[in-house]
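All chains are named by letter (A, B, ...) in the order of the sequence lines, taking the proteins before the strands, and each is independently numbered beginning at 1. Values reported hereafter were calculated over all heavy atoms of this structure, with side chains retained and with hydrogens, waters and symmetry mates removed. Predicted, not measured: the structure shown is a model, and the values here were computed from it.
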Amino acid sequence: MISSSFLPSAPVPTERASQPATMDLESNFEISRTSEFILSRNFTRVALQFPDDLLKHSTKVVNSLRNKLGSANKVGLFVMADTTFGSCCVDEVGASHINADCVIHYGHTCLSPTSTLPAFCVFGKASICISRCVEKLSSYFWTNGKPIVVLYGLEYAHAISQIKGALVEAMPKAKVELNFSDVMCSIINPLEDHRKSEGLLGCLGSCTSNNSLGAATGTRYSLGGLIWDLPEGQRMEDYLLLWIGPDNSAFANIVLTFNGCEIVRYDATEDHLVTDVSQQKRILKRRYYLVERAKDANMVGILVGTLGVAGYLHMIHQMKELIMLAGKKAYTLVMGRPNPAKLANFPECDVFIYVSCAQTALLDSKEFLAPVITPFEAMLAFSRGSQWTGTYVMEFRDLINSSTLEVRNQPEEARFSFLKGGYVEDFELQENGDGDNEISLALGNATEKALQLRDRNPDSLVKGIAKSGAEFFVTRSYHGLEMHANSALPEPYLIGRSGKASGYKDEQSGFHEAIKLVLVG
Amino acid sequence: MVKFTADELRAIMDRKHNIRNMSVIAHVDHGKSTLTDSLVAAAGIIAQEVAGDVRMTDTRADEAERGITIKSTGISLYYEMTDESLKNYKGERQGNEYLINLIDSPGHVDFSSEVTAALRITDGALVVVDCVEGVCVQTETVLRQALGERIRPVLTVNKMDRCFLELQVDGEEAYQTFQRVIENANVIMATYEDPLLGDVQVYPEKGTVAFSAGLHGWAFTLTNFAKMYASKFGVDEAKMMERLWGENFFDPATKKWTTKSTGSATCKRGFVQFCYEPIKQIINTCMNDQKGKLWPMLQKLGVIMKSEEKDLMGKALMKRVMQTWLPASNALLEMMVFHLPSPSKAQKYRVENLYEGPLDDIYANAIRNCDPEGPLMLYVSKMIPASDKGRFYAFGRVFSGKVSTGLKVRIMGPNYVPGEKKDLYVKSVQRTVIWMGKKQETVEDVPCGNTVAMVGLDQFITKNATLTNEKEVDAHPIRAMKFSVSPVVRVAVQCKVASDLPKLVEGLKRLAKSDPMVVCTIEESGEHIVAGAGELHLEICLKDLQEDFMGGAEIIKSDPVVSFRETVLERSCRTVMSKSPNKHNRLYMEARPLEEGLAEAIDDGRIGPRDDPKVRSKILAEEFGWDKDLAKKIWCFGPETTGPNMVVDMCKGVQYLNEIKDSVVAGFQWASKEGAMAEENMRGICFEVCDVVLHADAIHRGGGQIIPTARRVFYASQLTAKPRLLEPVYLVEIQAPEQALGGIYSVLNQKRGHVFEEMQRPGTPLYNIKAYLPVIESFGFSSTLRAATSGQAFPQCVFDHWDMMSSDPLEPGSQAAGHVAEIRKRKGLKEQMTPLSEYEDKL
């Protein structure tokens, strides 16, 4: 999907490699704008980040960039591939390996703010037949009388002004109000954005709690790199949302965030309007279920899903605090992109929180042993008294700001679990509630707890519920190799194996598979 | 016209020998509530005149509308006995005043969880049987339940007025009918012989059977008549009672008692001669308005009528006369006082059923002795919605100690395990209340042996709980109730306006509380599910949800959904293998069906993960023909670690096998919860681990590699073992006259049901039909049946068993495949089942 956006006239994949003419490459990869960006800011070491499917063009891009920059300039260009996390985010850690000054990001992006490095994003230009698009859209708009907000995939940003013009022309007498969103900016500047995340929300109203912040002009919304304004007094629910682009995670975010809106999608490659987004709406319900499930969790794993997006550390700390306050146990795990096999190595975790950029955050594969939720969902699940009202926040910048979740002083009530269909209580919380637990008694209580009869029948197949990793380990039937402490004699030493696990030296060779990281300088 | 005050009542609550806690149980429409009303009338809450017309205990509008009881209602009654009538009472007593805590329960099978809750907190039961319809399905069910809880029953043969007015049967025929009814009930009771409870059968000649006409508010036991005749014949009352029932005949011509009918026209059975005939005579006289004959007769009987009552005519007159002559309350209340145990008596033998902990600790002893000074032991059996919207009273019974306003109590929920903190709260009782029909009275405290309602605990109790004093940390809870119905019918609910979701969540929480049987859960797809025992039950629940618990916010409900189970028909056709993601580990497995009856045994808890392995292997070997050693190699049960599926280790000499056990178990819990076909729970599948090949390095055989692999291999073995769907099946009992049978059969056929028993009720034109009916076909069954039989047939459906659907769900176009596709669609899964090749790997 993304690769095609860089190749306007490439319907068959095999033609791709041979076809792109220099002109196309120039414009698609925005060589001149890129070089301008580099030169204007005097960057000397530049990292070029390609997603896997664009990697094959990297050498050509480097060549033409080098030509453009001129040989006089000693600008080092580095190609980065195979990002640890989602390829939509700027890989700052990778870039800092080569001490880069900035990152040029190619392909689909979530435009999440970076924390240290400036970045320039090249969205690519997907082909779109403007006349047919306008024809489809205007006929739909005639039948639907609602005012419209037009959102689009960033790869279509290049064609939007034309579409806008054509649409206005096609419906001259229409009373339909059209609102086109703008691309925020293709340059991400870390300092500026960082401040923003610290609370200068004025210029970028968050999509949820912005009513008071809206200036006289109206309310400003931003999502996934797009910004748009609505006149005062209007709510998003009053508008018809039009999305131009494929059904990808960016679209899923839109559907989740504006779940109260009527949404249509124009698919440019198929050239048709999709008015039925029930499948996407289903996601919302599914997320709701996951929140309910998370409420019952005792141990929570925090998965670090980004090392670049500004504020991720803050978010992780916030999550830890939240989990602790909820009387649960948190473990922080860094494992690159999560997959079922990796997560199943932590069967003790009942739920995972995936701290990552908005567009990679929604992981819902049924293959996972435990559900993976977003920080927003974690806030819903773990702060008592907070309720799911339908609003949904994806980007955790917005979450950090709204972190002062007003936990209303509700009458004290045990928590009702919809999975169990009854009241359940979260362990530690109860003890806190007792109030008269003095600190001096804490140790005594802990030992008392430790001395409790854990298992009446040692042969019973059912173990109690573990509240921490250590307790989980105790309930396992296998605890690892057993130490034979009773033999006093020292064991004779044995020569172990050497080599890698995938094929030890004493096993037959030829098993090795080298994984190459492409690093072109 | 309240005859008693809360203070009076509170005073008598301390006299534990003078308390009777009893429930009224019966088949639907046998007249429980009407009969209860006449009792309430005597205790004085409502005026005597309207007894029989207003159902005091049906406090809900829909109950009145439908004419059935939905919720059980508790009422405290106060009854003062005369010294004379108590002279034969042998048991302990403190004065002549008696407190009767009575609970009226619903008869419809969908609400039988209410009966269970009522039985738990009572010691005796008044079993009401319609004299014409006799012992019906629900009578039998509730009677079994009562005896299981060690509740002592007394019987009343109700709707006597039908005998006199509708059927106009003669004495001997009526006697035979009554005799049969009593016998039928005794047959059921006899099967529950319990040495501690003693003989629970009922005998009219011992006064444990009453004859009543709830609608007209009169009733009698043989005691009434025995008293009347004892002096006349100059014999002992007990002797007279015996003569009034059974094979005792009297010939007024010869004035002789015989044990056989002499054949002479005047020789009649004692009961007919002295009980039935006089009543019949009075009724007939009244109905024919032969007032001239009536007054002398009444005078002879010592019945004094008020002057204004003398102007009544016909039925009204008859009702009045009968109520004055044989008031229902006196007969029934006396029967209860005499023959039902007081709490102090009942708790001596009930403690074994009630208390989970050791039977010699202080809590068991306090319950046994019904000790008001002992530690508090209180069982909350249900939650009653308060007039204050959203709040509930916790209603229960104090078994020992006292509960008082402001007392800090320890709440042990159903999942509480002694020594742990799970499902345990310490909270204060805000108010203690006693219940009197529509009125509640606050009292300072309530001592043991009584029922009580408490305010301020509802946010910590879902349905039931055991309460004790704050400091009694080593008390065990009182055993959880066992319900005879299960929530098999489910609907998904959602709110019409998305922003009402918090309301819905709150409403579901309250709904879950308000009914012992309803279960509110959430599906994987994020839909809220309400599960109930039957269509009617769900209908009532959803009505409550919307109107009472959500403040009228609109909800959308789906069509009823039935949950299926996945099972296998045969052993896997081959040993299947799956490889771990790193290809270094291989699991080999086979699936086979569990032996017949084993899944049920696991359901009943006869076999379970908590058993001693020796006991378990003994049962498995003796009853199910397992190899003794094999029985010791069960790795786990599932889903939820207790379900009716298991994993058995069949490998020999596999290295590191113990290391992966936990991972396989985790994979099994997951797989057995979501089967391969439609992600429904598995049932009755035994997975045998045949062989395991593991990588030599521990790092390559961790949970990450094994858990997903185990899940895949479970699915592969399920799919190779002829997977089948199990559907829930109702046992339907229908009572109808002969001419309705044709309609019943045709409706049943049309709904895939089949009749397995058809029996004519002796002495009646009614037939009793028992049939199996798939739950999925049962929606609208009642109304279809009523339409087809012009309202003569009334079915009672109870979940009975899981039945295997014979068609192959893997074969496109089959009925089972249709169900699978439907479930997958509802759950938002891919329409096509994941093929076997996704789960099974080739070497």
Side-chain angles (χ1 to χ4, degrees), chain A residues 259-260 279 282 284-290 292-293 339-347 366-367 369 387-390 411-414 416-425 427 430-431 433-434 449 452-454 456-457 459-465 475-478 480-481 501-502 504, chain B residues 413-415 417 419-426 459-463 498-499 501-502 505 508-509 512 519-528 580-582 609-613 634-637 641-642 658-663 666 670 674 697-700 702-708 828:
Chain A
N259 52 59
Q279 201 56 41
R282 253 203 158 128
L284 189 72
K285 279 188 158 181
R286 170 79 186 163
R287 303 310 297 185
Y288 174 61
Y289 165 75
L290 295 181
E292 288 298 321
R293 221 173 125 183
N339 66 27
K342 280 183 196 168
L343 290 191
N345 276 323
F346 304 96
K366 295 214 72 162
E367 304 294 306
L369 180 59
Q387 277 176 328
W388 177 289
T389 50
E412 213 186 328
E413 183 174 359
F416 189 90
S417 158
F418 276 104
L419 288 161
K420 306 226 165 66
Y423 279 121
V424 292
E425 194 45 276
F427 306 101
Q430 268 246 293
E431 284 162 40
D434 284 355
K449 254 171 91 185
Q452 268 164 12
L453 193 57
R454 287 225 175 270
R456 254 150 241 288
N457 185 354
D459 297 318
S460 144
L461 294 177
V462 174
K463 310 289 181 201
I465 301 161
T475 59
R476 285 179 57 130
S477 64
Y478 175 70
L481 297 177
S502 57
Y504 292 102
Chain B
N415 299 317
V417 181
E420 282 180 25
K421 298 239 169 191
K422 199 170 65 169
D423 216 352
L424 176 73
Y425 314 90
V426 175
Q459 289 178 316
F460 303 91
I461 304 174
T462 321
K463 292 180 198 294
S499 55
L501 187 66
V505 168
L508 287 171
K509 238 188 255 182
V519 181
C520 299
T521 49
I522 186 167
E523 281 264 286
E524 291 262 327
S525 57
E527 282 172 311
H528 280 288
S580 62
N582 65 8
R610 285 186 183 80
D611 300 342
D612 182 358
I634 296 173
W635 270 4
C636 62
F637 292 79
T641 67
T642 51
N658 57 343
E659 275 180 52
I660 65 154
K661 185 178 160 188
D662 295 300
S663 302
W670 189 9
E674 301 171 354
D697 283 298
I699 190 82
H700 290 305
Q705 297 296 330
I706 303 300
I707 296 175

Non-hydrogen atoms of chain B under 4.5 Å away: do they reach the side chain of Arg293(A), the backbone, both or neither?
-> side chain
Would Leu508(B) and Phe416(A) satisfy side-chain contact (heavy atoms from CB on, under 4.5 Å), going step by step from the backbone distance to the final call?
-> CA-CA 10 Å; Leu508(B) 287 171; Phe416(A) 189 90; 5.8 Å; no
Result of checking Ile706(B), Ile707(B), Asp662(B) against Pro347(A) for side-chain contact (heavy atoms from CB on, under 4.5 Å) | Ile707(B)
Who among Glu527(B), Gln705(B), Glu524(B) has the most heavy-atom pairs with chain A under 4.5 Å?
-> Glu524(B)
Identify the two heavy atoms, one from Ala341(A) and one from Pro708(B), that lie closest to each other, and give their separation to 0.1 Å.
-> CA-CG, 4.5 Å
Residue Ser525(B) versus chain A: region with a heavy atom under 4.5 Å = backbone
Determine the option with the most heavy-atom pairs under 4.5 angstrom with chain A, choosing from Asn415(B), Val505(B), Val519(B).
-> Val505(B)
Check: His528(B)/Tyr289(A) side-chain N/O donor and acceptor closer than 3.5 Å = no
Would you sort out whether Glu523(B) and Lys285(A) count as a salt bridge (charged side-chain N to carboxylate O under 4.0 Å, His left out), showing the intermediate values?
-> CA-CA 10 Å; Glu523(B) 281 264 286; Lys285(A) 279 188 158 181; over 6 Å; no
